[in-house]
Amino acid sequence: MGSNQSVGIVEPKTAVLGDLRLDNGSVLSPTVVAYETYGTLSPNKDNAILICHALSGDAHAAGFHSDSEKRPGWWDEYIGPGKAFDTDQYFIISSNVIGGCKGSSGPMSINPVSGKPYGSSFPFVSIKDMVAAQKLLVESFGIQRLLCVAGGSMGGMQALQWSISYPDALENCIILASSAEHSAMQIAFNEVGRQAILSDPNWNNGLYEDNATPRKGLALARMMGHITYLSDHKMREKFGRKPPIGNLLNSDFAVGSYLIYQGESFVDRFDANSYIYVTKALDHFSLGKGQELTKALSPAHCRFLVVSYSSDWLYPPSQSREIVKSLEASDKRVFYVELTTNEGHDSFLLPNQRQEDVIRGFLKMPVNE
Amino acid sequence: MIDSKILSSTTLRERPDFAYILDTISPGSRVLDLGCGNGDLLYLLKQKGIRGQGIEKDEDAIVECIRKGVYVHHGDIDEGLSHHEDKRFDYVILNQTIQETRHPGDIIKECLRIAKRVIIVFPNFGYWEVRFRILFQGKTPVTDLLPYRWFNTPNLHFLSVLDFQEFCDIRGFTVEDRAFFTDLKQVKFSPNFFAKLALFQIR
């Protein structure tokens, strides 16, 4: 990788924005969005890049919140001085999604009427709504036009939606390991996750209290999800058929105890209702296929970089090609590369010199070419 | 950063076919380069104000194209170009690609659907050196334009100038222009014997 430098200590922030009419007709008032920024906004406000996170991510994409934090933000490999998203050149905004549980408006927000969290009475939020909230955030900086919107997986869907919701508001769009709509298989995995939550004795129709949350159900949902983020190769390499060390009551195999650990650590940082809201937003996102997709993408006029990963079986390269072909069919400017990786869907998060090279090359290209 | 002047002068001196193509295509045209490699030709075309895009299957070459700012699609042209509308491009270029494709006839037909004209460049198997190697060595020829041994070549087809002319006649393709090259210059006399590289422009 180009640089080991970090953006250093960063401060999580929250923007309280105006009303937002959601896709389902409800109005979010006010709209709260958690975000972080890295780098400096240029006087002309023309160097801003919006980073969109994946399903269980948040606004903490780079740097550290404190000296004691052990792990940096989720995309620290790619955001920082001299990195692909070079904070010496660009002003990076990483925004949390509405419907989530990391500080933005979502099921954990307090309903002013009841004085309690909305829980499952929070309105349905779509990918388009998430993007609309990000647009309010971007406008709050006085930014008319983003240099780029970038994201992987669900973040890629947001980036794609940006290109058609606000075609004049972005120059470039980076879509990694993503899709224009979920396949039945992807919906199936999410459905099993949701059913695990719904079947938890603490579920209480989503109106659970702080001291009795559907932990087991959410942990199971995460375990299910986590399997789909890895590859067969990665799991063989990491676990083989090894029995676990000191966890015999829970699981017979190392992969099992790993998943249990992943599930249990997830419930401490994520909310079951948000998991349902956000996976439903993913499943409902649909720009169609073939000519329908071409039509859906027709308003876009930014430049696109689409990247897929050979070992990603959750969002396989064929789904990226579907996006690319639809863009090419309507004469959009698009770069497409399928990177050879062994890491499965998580590849886009991991260090990869080629990924860095293509992002850097893409961003460097003069805007009008 | 890529120094465009260095790239242009060295590449063009070594690649008379590139020079010929650059001369043929006028600024403002839309070009699709199938098997565009590391994007050198597309980069030169771009300098001339020609809007190009490429398809390439080699990952390193793709990364190189993106670094050059050359629009490129990572994929296999054998898998089809069906998403492109009729006559979307002014030119499709197949520069030393056609001999590596599984179904050249189908691909050329598809190229003629999506482009007004198709430029095909291929190593001439009728070149005297190739003939002499077969005749005197009795072995599959290895030359600078056909640099592979029989067991590691990506080339699925071997064709000469006469073969391609015959193919165009059979398929009813109109040959609009032809040019032939040795290392650094054009060949006019008896090209099937003296040309290393052949260029056909058809529609």
Side-chain angles (χ1 to χ4, degrees), chain A residues 2 84 171-172 174-176 180 289-295 297-298 302-311 317-318 320-341 347 352-369, chain B residues 1-4 27-34 36-39 42-90 92 110 113-115:
Chain A
E171 305 278 6
N172 294 295
I174 300 179
I175 299 161
L176 313 170
K289 278 195 167 68
Q291 289 185 348
E292 195 187 345
L293 179 57
T294 301
K295 198 169 162 231
L297 295 174
S298 61
C302 61
R303 186 162 50 201
F304 291 88
L305 169 65
V306 180
V307 184
S308 67
Y309 305 83
S310 59
S311 56
S318 57
S320 289
R321 277 199 295 271
E322 187 77 39
I323 296 171
V324 171
K325 286 186 171 183
S326 291
L327 289 169
E328 284 182 350
S330 61
D331 219 6
K332 313 293 183 201
R333 298 169 298 164
V334 51
F335 296 90
Y336 171 60
V337 59
E338 179 187 324
L339 296 176
T340 305
T341 63
S347 294
N352 181 327
Q353 186 62 53
R354 282 178 172 155
Q355 179 168 312
E356 187 178 322
D357 287 347
V358 296
I359 292 172
R360 196 191 296 275
F362 178 71
L363 290 175
K364 243 193 223 164
M365 202 175 158
V367 163
N368 294 321
E369 280 187 1
Chain B
M1 265 324 264
I2 297 141
D3 188 326
S4 62
S29 301
R30 293 285 322 272
V31 171
L32 179 65
D33 187 351
L34 302 184
C36 62
N38 61 13
L42 283 170
Y43 186 80
L44 294 167
L45 290 167
K46 187 171 117 176
Q47 307 292 104
K48 206 190 153 181
I50 291 156
R51 194 176 153 195
Q53 70 186 79
I55 300 182
E56 174 55 46
K57 61 182 175 189
D58 181 75
E59 192 172 325
D60 289 324
I62 290 282
V63 174
E64 193 51 42
C65 286
I66 299 175
R67 283 164 116 178
K68 282 183 183 139
V70 162
Y71 289 101
V72 72
H73 177 139
H74 193 176
D76 202 326
I77 58 175
D78 274 322
E79 277 172 25
L81 305 162
S82 56
H83 62 289
H84 287 297
E85 279 176 17
D86 293 359
K87 304 297 174 202
R88 166 53 61 77
F89 299 95
D90 296 300
V92 168
E110 185 70 345
R113 179 185 69 78
I114 63 176

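Of all the listed residues (V63(B), D60(B), V72(B), V70(B)), the one sharing the greatest number of non-hydrogen pairs under 4.5 Å with chain A is V72(B). Taking V324(A), V358(A), T294(A) one by one and counting their heavy-atom pairs under 4.5 Å with chain B, the maximum is reached by V358(A). Most heavy-atom pairs under 4.5 Å with chain B, from the set R354(A), E338(A), E369(A): that is R354(A).
At a 4.5 Å heavy-atom cutoff, E56(B) makes no contact with chain A through either its backbone or its side chain. Contacts between S308(A) and chain B at a heavy-atom distance below 4.5 Å are absent for every atom of the residue. Heavy atoms closer than 4.5 Å to chain A are found in the side chain of H84(B), but not in its backbone. For a residue to count as touching a neighbouring chain, one of its non-hydrogen atoms must lie under 4.5 Å from one of that chain's; by this rule L305(A) touches chain B with the side chain only.
Side-chain contact between M365(A) and Y71(B) is present, with at least one heavy-atom pair separated by less than 4.5 Å.
Crowding of K57(B) atom NZ: a count of heavy atoms from other residues, nucleotides or ligands under 6.0 Å not exceeding 12. In this structure, K87(B) places its NZ atom where more than 12 heavy-atom neighbours from other residues, nucleotides or ligands lie under 6.0 Å away.
Side chain of E59(B) to backbone of T340(A): a donor-acceptor contact under 3.5 angstrom is found.
A distance of 14.0 Å separates CD1 in I66(B) from CZ in R360(A), rounded to the nearest 0.5 Å. The structure places CD of Q53(B) at 13.0 Å from NZ of K332(A), a figure rounded to the nearest 0.5 Å.
Between Y336(A) and H73(B), the angle of the ring planes goes over 60°, which puts this pair in the perpendicular group of the 30/60° scheme.
Applying the side chain to side chain contact (heavy atoms under 4.5 Å, CB included) criterion to R88(B), with sequence neighbours excluded, gives D331(A), R30(B), E85(B). Residues passing the side chain to side chain contact (heavy atoms under 4.5 Å, CB included) test with D86(B), sequence neighbours excluded: R113(B).
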